[in-house]
Amino acid sequence: MGICSSCFKGAETETLSPSAEVRRQQQLEAAERRRVQNETRGIKDPEKVRRMQQKAQELEKREEEAARIGGFQPTLKWQQD
């Protein structure tokens with residue numbers, strides 16, 4: 001029996017542990033999944049957040065353009081206390 005189990009011993013280690021390249025690829029995929037999950041954590045509608053960010057960027061561009069046209073005078077903003 002000892003002879004037979006020694007034949008299978010090498011095969012077990014090969015099937016249990018993937019090669020270094022496969023392991024590296026799996027770690028990269030897991031890291032990417034964690035990154036995506038952390039970005040969307042707590043956000044019910046990621047598309048809405050993206051739209052809001054685009055609106056904010058467009059507003060900022062408009063303000064910069066208005067400042068250039070208006071002779072570099074700062075634009076007034078209404079602040080409600």
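- Qualifying side chain to side chain contact (heavy atoms under 4.5 Å, CB included) partners for K48, counting only residues two or more places apart in sequence or in other chains: D45, R51, M52.
- For R24, the salt bridge (Lys or Arg N to Asp or Glu O under 4.0 Å) criterion is met by E21, not counting sequence neighbours.
- The CD atom of E58 sits 9.0 Å away from the NZ atom of K55 when rounded to the nearest 0.5 Å.
- For E47, the side chain to side chain donor-acceptor pair (under 3.5 Å) test picks out R50, with sequence neighbours left out.
- Scored by the side chain to side chain contact (heavy atoms under 4.5 Å, CB included) test, V49 finds I43, Q53 as partners (sequence neighbours excluded).
- Looking at residues two or more places apart in sequence or on another chain, you find a side chain to side chain donor-acceptor pair (under 3.5 Å) between E32 and R35.
- By the salt bridge (Lys or Arg N to Asp or Glu O under 4.0 Å) test, R62 pairs with no residue at all, sequence neighbours left out.
- Under the rule for a side chain to side chain contact (heavy atoms under 4.5 Å, CB included), the partners of E29 that lie at least two apart in sequence or sit in another chain are Q25, R33.
- Legend: residues meeting side chain to side chain contact (heavy atoms under 4.5 Å, CB included) with Q26, ordered by chain and number and at least two apart, are P18, V22.
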